[in-house]
Each structure stands twice: as structure tokens, then as C-alpha cells.
Amino acid sequence: MPGDLVEVRSAAEILATLDEKGTLENLPFMPEMLAFCGRQFRVSRHAFKTCVDDGDMRRLDGTVFLEEVRCDGAAHAGCDRGCLVFWKTAWLKPAGAPSTNGHSAKSKVTADGLRSLATRDGQFFCQSSEIVNASQPLPWWEARQYLWDLKYNRTPFLLFTRSLLIAIYNKFASRLKFPAWRAVSGAANGNGQSQPLNLRPGEFVRVKPLVQIKATLDSEGKHQNLLFAPAMANFCGQVLPVRDRVENIVLEATPRQRKIKDTVLLEGATCDGVCHRLCPRQSLLFWRECWLERVPAP
């Protein structure tokens, strides 16, 4: 349950659970995850569902997130998405529990094998690229998912109710061709150029007022094909530190990588999932530099 203290099993124990592709139930155990073996973390949420790049909701079984355990992309050509890592419960144990007798000699894949699988011939293999293969569709009418939000992720009832009403509105809005809940759009062509800030990790920025951001967006709410998501409006006016620059990302549900310019991640600026049926993934939001202004450190 959220808040429980767990320990990531040893590499030998985990490797013994994997097939020759380095997966368990089609979910890859990535090379970046090896650094967490033997360490203790608290469970943050049940990862029984996830949206896929704001698209359809998907269901996973026996999977959790650990508090702020994110992929650093080191084995995937420096991917900068900073995804929360999915952990199968078979890869975890209660903190302090004894190890099993798993041994790497029994495994179908080695740690070096995981690294070779991660990138091959310009194709990338990770949890993000395989998310569709590792999950099943979770249609909106599946009632159990809403009970799981309350039971397993201890979602406050008011937040749960708000998200449910938004989901109902968005379902009708898509059929009637209305804008989605709190969708932000503008009248620009979405391709306007601006002076890059060349922001670096640790610098502080203020998110510009929404009216200024709208001036950079096209009718679909995008700037150079990058969406300004509804959840991002919550941060307008806030001062936040830059977490990292975004220059390379593995495209969700594909083996391809894409270059991005003038974009950063901000500390604490994550999607709350309210507009996406309480998706628990807490994805880091991508910020164009033209939506930000540099400010002195507080």
C-alpha cells in the first residue's frame, strides 16, 4: 500500500524472474533499475493504470511506483523524459525480509544482456516503448478502476469526485466536438520563434501568466507540436527550479527517439492525473522556454 517500506530485491533475484527479452509479463526491467537493487523505498502509488501520452487508459497488474524513483535514461542514449519506473511486486520485498535463493546462473538474461537490449540498431527498448505490450485496455466503463483509486491509492473523496466529473464531461465533449476540460488554445500558428533562455539545472524560473502563454499556442493548444496540457495552467505564476533540460526522448509506445529544442523540466511540476481519470504516473511536464522567464534564486 502507499507508504509501505519495501526493498528492491538483488539483481540475481530479479534477473531470475525475467525472460530472454529482459521482461516480466512484457514489462522490461531496464538497466537503469539495477542501481536501485538492495535499496529501500516507500511505495507511492499502485500503478494499476496509466494513460499513454494522453491517449487511452491502460491496465497493469501487480505493479507499483516508488517515491520519486525515476529513470535517468543512461542506457537509452540519455533519454530525458524522467519517467517514474514501474516496479512489479515480484521485484520487491518487505524491508528487511530475507532474500530468496534466486541466482543469475538460472536467469535467461544477464545484466550485460539488459544493456544490449536497451538500444539496438537505433531502436530503443524500455518501459515507455513497451507500455502497450505490457498492459491491457482499461475502458472508462470498467467500474472497478474507480474503486481501486479509493481503496489502493487512498485518493481523497473530493479529488476522486472532481476527476470523475471531469472524465464524464470529457467523454461527452469529445463526442460533441467541444473543447476538453480546461483545454488551453490560442490563435498563433504555433511555430513562432523566440529567443532561447538556455536554461540550466538549478536556475529558477517563473511560469508566465496564462494569457502570455496562449499567445504562443495554435488552435490545438500546441507550440511547435508540443501541447500545453491543462495541468500546466496550475503552475502559472509559480517560481520553480529547473530540473533538467530535455533534448532527447523515447517516443511513448514506439522504439524511436526524438530531438527536442528549448524545452526543460521543472522540479515539482508533474501531471496530477485529474484530467486523465487519476492516472497515477506523475509524468514530468515539458516546458518550452518561451513559457518561462528567468528569475533570481529566492
Is a side-chain donor-acceptor pair under 3.5 Å present for [Y] with [X]?
X	Y	result
His76	Gln257	no
Ser135	Arg59	no
Arg277	Asn170	no

(request) Indicate the ring-plane relationship of Phe160 and Tyr146, choosing parallel, tilted or perpendicular according to the 30° and 60° boundaries. (result) perpendicular
(message) Show, in sequence, the C-alpha distance, side-chain angles and deciding distance for Leu240 and Glu267, and conclude whether the side chain to side chain contact (heavy atoms under 4.5 Å, CB included) test is met.
(response) CA-CA 6 Å; Leu240 298 167; Glu267 290 285 358; 5.7 Å; no
Donor-acceptor list for residues 290-298 side chains, cut-off 3.5 Å, not counting sequence neighbours:
unit_1 : atom_1 : unit_2 : atom_2 : d
Trp291 : NE1    : Thr216 : OG1    : 2.9
Arg294 : NE     : Glu203 : OE2    : 2.7
Arg294 : NH2    : Leu197 : O      : 2.6

Let me confirm one number: the [atom1]-[atom2] distance from [X] to [Y], rounded to the nearest 0.5 Å.
X	Y	atom1	atom2	answer
Asp272	Asn234	CG	CG	6.0 Å
Leu66	Phe36	CG	CZ	9.0 Å
Leu266	Gln238	CG	CD	10.0 Å
Leu199	Arg245	CG	CZ	6.5 Å
Phe48	Lys151	CZ	NZ	11.5 Å
Leu84	Glu68	CG	CD	6.0 Å

Say whether, by atom type as modelled, one donor and one acceptor occur between the side chain of [X] and the main chain of [Y] under 3.5 angstrom.
X	Y	value
Thr119	Ala75	yes
Thr263	Lys261	yes
Gln40	Glu7	no
Arg58	Thr50	no
Asn153	His46	yes
Glu289	Val264	no
Arg288	His223	yes
Ser10	Glu13	yes
Glu220	Leu227	no
Lys93	Ala97	yes

For residues [X] and [Y], determine if any side-chain heavy atom of one lies less than 4.5 Å from a side-chain heavy atom of the other.
X	Y	result
Asp112	Arg115	yes
Val207	Trp287	yes
Asn248	Ile260	no
Thr23	Asn133	no
Pro201	Arg243	no
Phe86	Ile131	yes
Leu284	Arg70	yes
Phe65	Val43	no

Does [X] belong to the same Ile/Leu/Val/Met/Phe/Trp/Tyr cluster as [Y], with side-chain heavy atoms less than 4.5 Å apart forming each link?
X	Y	answer
Leu278	Val64	no
Leu164	Leu138	no
Trp148	Leu158	no
Val246	Phe124	no
Phe178	Leu165	no

(message) So, applying salt bridge (Lys or Arg N to Asp or Glu O under 4.0 Å) with Asp149, which one of Lys49, Arg45, Arg154 is it?
(response) Lys49
(request) Let me see the working for Trp91 and Val85 under side chain to side chain contact (heavy atoms under 4.5 Å, CB included), right down to the final yes or no. (result) CA-CA 12 Å; Trp91 300 336; Val85 175; over 6 Å; no
(message) With a 4.0 Å cut-off on N to O distance, would you call Glu252 and Arg281 a salt bridge?
(response) yes
(request) Considering only NZ, NE, NH1 and NH2 on the basic side and carboxylate oxygens on the acidic side, decide whether Arg81 and Asp53 come within less than 4.0 Å. (result) yes
Where is the tightest heavy-atom contact between [X] and [Y], given as atom of each residue plus distance?
X	Y	answer
Met30	Cys126	SD-CB, 3.6 Å
Cys51	Met57	N-SD, 3.4 Å
Ala134	Leu60	O-CD2, 3.9 Å
Leu117	Phe125	O-CB, 3.3 Å
Leu24	Thr17	CD1-O, 3.6 Å
Cys275	Pro230	SG-CB, 4.2 Å

(message) Could you walk me through whether Val109 and Asp19 satisfy the side chain to side chain contact (heavy atoms under 4.5 Å, CB included) test, starting with their C-alpha distance in whole Å, then the side-chain angles of each, then the deciding distance to 0.1 Å, before giving a yes or no?
(response) CA-CA 7 Å; Val109 66; Asp19 60 19; over 6 Å; no
(message) Please determine whether side chain to side chain contact (heavy atoms under 4.5 Å, CB included) holds for the pair Val8 and Leu92, giving the CA-CA distance in whole Å, both sets of side-chain angles, and the decisive distance to 0.1 Å.
(response) CA-CA 5 Å; Val8 180; Leu92 307 171; 3.9 Å; yes
